[in-house]
Amino acid sequence: MVRSPENLGGVALLGSGSALPSQTLTNDQLGQRVDTNDSWIRSRTGIAGRRVIGSEESLTELSCRAGRSAMEMAQWDPDSIDLILLATSTPDDLFGSAPKVQAQLGAKNAVAFDLTAACSGFLFALVTASQFLRTGAMQKVLVIGADQLTRWVDWDDRRSCVLFGDGAGAVALESTSSEDDCLIGFQLKSDGSRGDCLNLPHLNQFLPLVDGISHEAGGFSPIQMNGQEVYKFAVREVPEILEKLLKVHEVLPDSLDWLLLHQANQRILDSVAERFSIPNEKVLSNLANYGNTSAATIPLMLDEAVKDGRIKSGDLIASSGFGAGLSWGAALFKWRGPV
Ligand code: COA
């Protein structure tokens with residue numbers, strides 16, 4: 001039943017899941033390809049290794065594994081899912097990979113589509129899903145964040161290739177009463193005027209067709225990044241948007257159980273935590289093992305901390321995603337877990 005605007009419901013996070021490729025690529029191994037080394041990468045980024053999708057795996061398969069695991073935790077029947085949102089900028093099919101995921105999960109009643117917002121993708125998808133759930137238009141939504149940036153990295157560009165890895169994470173969201181709402185608030189932002197510092201642009205190559213008519217060739221150039229500009233953007237905008245979110249909802253940084261940021265660089269995580277005087281023990285970080293997996297980092301980290309028992313039912317989490325676009329956002333939510 002669709003609810004009226006004055007009678008909106010809530011959103012509960014009931015399940016989490018994640019999946020990683022089997023191939024591990026260490027910093028030392030990367031040093032065989034480009035002029036870099038373990039100590040430079042660790043000291044500038046905190047990254048020690050990353051996972052890379054190989055020939056036996058795919059982004060769709062990883063997304064399914066993560067989604068299935070979240071469904072299992074939430075104890076959902078695949079038939080009961082209304083929507084599958086796949087946040088990715090690197091689909092297996094440019095027309096969208098979400099329908100393949102829907103079919104492979106056997107979620108035959110679900111509508112499925114991709115959502116592209118680079119490293120902010122998961123957060124944007126979480127908020128998008130929550131709108132369908134609050135109105136009661138949908139009851140169960142599976143949000144998956146998955147990316148395969150190793151497909152689009154220039155492996156000869158040491159300034160960017162050391163940062164990225166592949167992975168997938170998912171959450172199972174259910175419509176609930178407003179009293180049980182777990183998504184306390186959010187803020188989302190875009191600024192395309194600053195987007196040139198991080199791109200994955202099309203090839204811009206035109207070929208003759210017939211009678212002087214040309215057409216553009218398909219394909220994309222590798223990732224282009226101005227690391228210092230992106231770094232400055234992150235350490236300026238993330239604290240600002242988090243501060244606004246906390247203020248609007250009258251939440252003090254002290255009362256947060258966890259800070260769950262997009263895992264781009266340990267120095268960015270440390271800098272944001274310092275701004276709010278959040279102690280290290282409350283800052284979730286696994287980028288040493290996986291690098292920046294784009295739309296996957298937040299649900300991947302969430303799932304790890306839920307499964308190892310760090311995040312408990314009722315814990316209050318401040319999260320922020322940021323990246324290409326430029327796009328960034330923040331959300332304040334409570335983890336519920338299976339009931
Ligand atoms: N190994 C060894 N040396 C490297 C290197 C590498 N992988 N990458 C760059 N260098 C060198 C540079 O060539 C430069 O040398 P020079 O001084 O002789 O010219 C030196 O290290 C410093 O380069 P700089 O670009 O100033 O490093 P930095 O401290 O800014 O760190 C990043 C680079 C990319 C780690 C950092 O800018 C960053 O993390 N930015 C954010 C990127 C990001 O998170 N992107 C995704 C957002 S979703």
Side-chain angles (χ1 to χ4, degrees), residues 25-50 87-90 116-125 145-167 169 188-192 194-201 222-239 241-242 260-273 283 285-288 290-301 319-330:
L25 178 67
T26 65
N27 292 343
D28 283 333
Q29 286 170 317
L30 252 183
Q32 295 171 32
R33 171 74 183 234
V34 283
D35 182 15
T36 191
N37 56 73
D38 182 58
S39 94
W40 192 95
I41 301 172
R42 275 182 202 256
S43 64
R44 302 280 176 133
T45 71
I47 298 166
R50 70 282 298 141
T88 187
S89 306
T90 54
T116 303
C119 297
S120 309
F122 174 78
L123 208 88
F124 281 30
D147 265 310
Q148 185 178 358
L149 286 184
T150 63
R151 190 186 247 166
W152 296 109
V153 152
D154 177 353
W155 288 105
D156 295 314
D157 177 9
R158 69 176 183 171
R159 291 166 303 139
S160 60
C161 74
V162 300
L163 299 176
F164 301 108
D166 303 332
L188 305 179
K189 299 275 277 183
S190 302
D191 183 1
R194 289 190 274 160
D196 284 350
C197 58
L198 183 53
N199 294 110
L200 206 175
I223 292 171
Q224 297 167 6
M225 186 185 76
N226 179 333
Q228 289 186 3
E229 282 305 309
V230 177
Y231 189 90
K232 280 191 264 174
F233 147 70
V235 296
R236 185 172 53 236
E237 301 293 0
V238 175
I241 202 164
L242 274 170
L260 171 47
L261 303 182
H262 167 51
Q263 310 276 299
N265 183 321
Q266 188 61 44
R267 283 157 59 209
I268 297 175
L269 268 59
D270 294 344
S271 159
V272 176
V283 182
S285 174
N286 64 2
L287 65 80
Y290 311 125
N292 179 346
T293 56
S294 191
T297 63
I298 293 174
L300 192 59
M301 183 66 251
S319 185
S320 178
F322 53 91
L326 294 174
S327 61
W328 66 106

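Everything numeric in this text was worked out from a predicted model, so none of it was measured. All ligand and atom numbering here is 1-based and tracks the order in the structure.
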Report each N/O pair between ligand 1 and the protein that falls under 3.5 Å, naming both atoms.
residue, atom, partner, partner atom, Å
ligand 1, 1 (N), Thr36, OG1, 2.6
ligand 1, 3 (N), Trp40, NE1, 3.4
ligand 1, 3 (N), Arg158, NH1, 3.4
ligand 1, 7 (N), Thr36, OG1, 3.0
ligand 1, 7 (N), Arg158, O, 2.9
ligand 1, 13 (O), Arg158, NH2, 2.9
ligand 1, 21 (O), Trp40, NE1, 3.4
ligand 1, 26 (O), Gln228, NE2, 2.6
ligand 1, 27 (O), Arg44, NH1, 3.4
ligand 1, 29 (O), Arg44, NH1, 2.7
ligand 1, 37 (O), Gly227, O, 3.3
ligand 1, 39 (O), Asn265, ND2, 2.7
ligand 1, 40 (N), Gly227, O, 2.9

Contact between [X] and [Y] at the side-chain level, heavy atoms closer than 4.5 Å - yes or no?
X	Y	answer
Thr88	Gln148	no
Gln263	Ser285	yes
Arg50	Leu287	no
Asp147	Ser89	yes
Trp328	Leu123	no

message: Please determine whether the number of non-hydrogen atoms from other residues, nucleotides or ligands lying under 6.0 Å from atom CZ of Arg194 exceeds 12.
response: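 For Arg194, atom CZ is crowded (more than 12 foreign heavy atoms under 6.0 Å).
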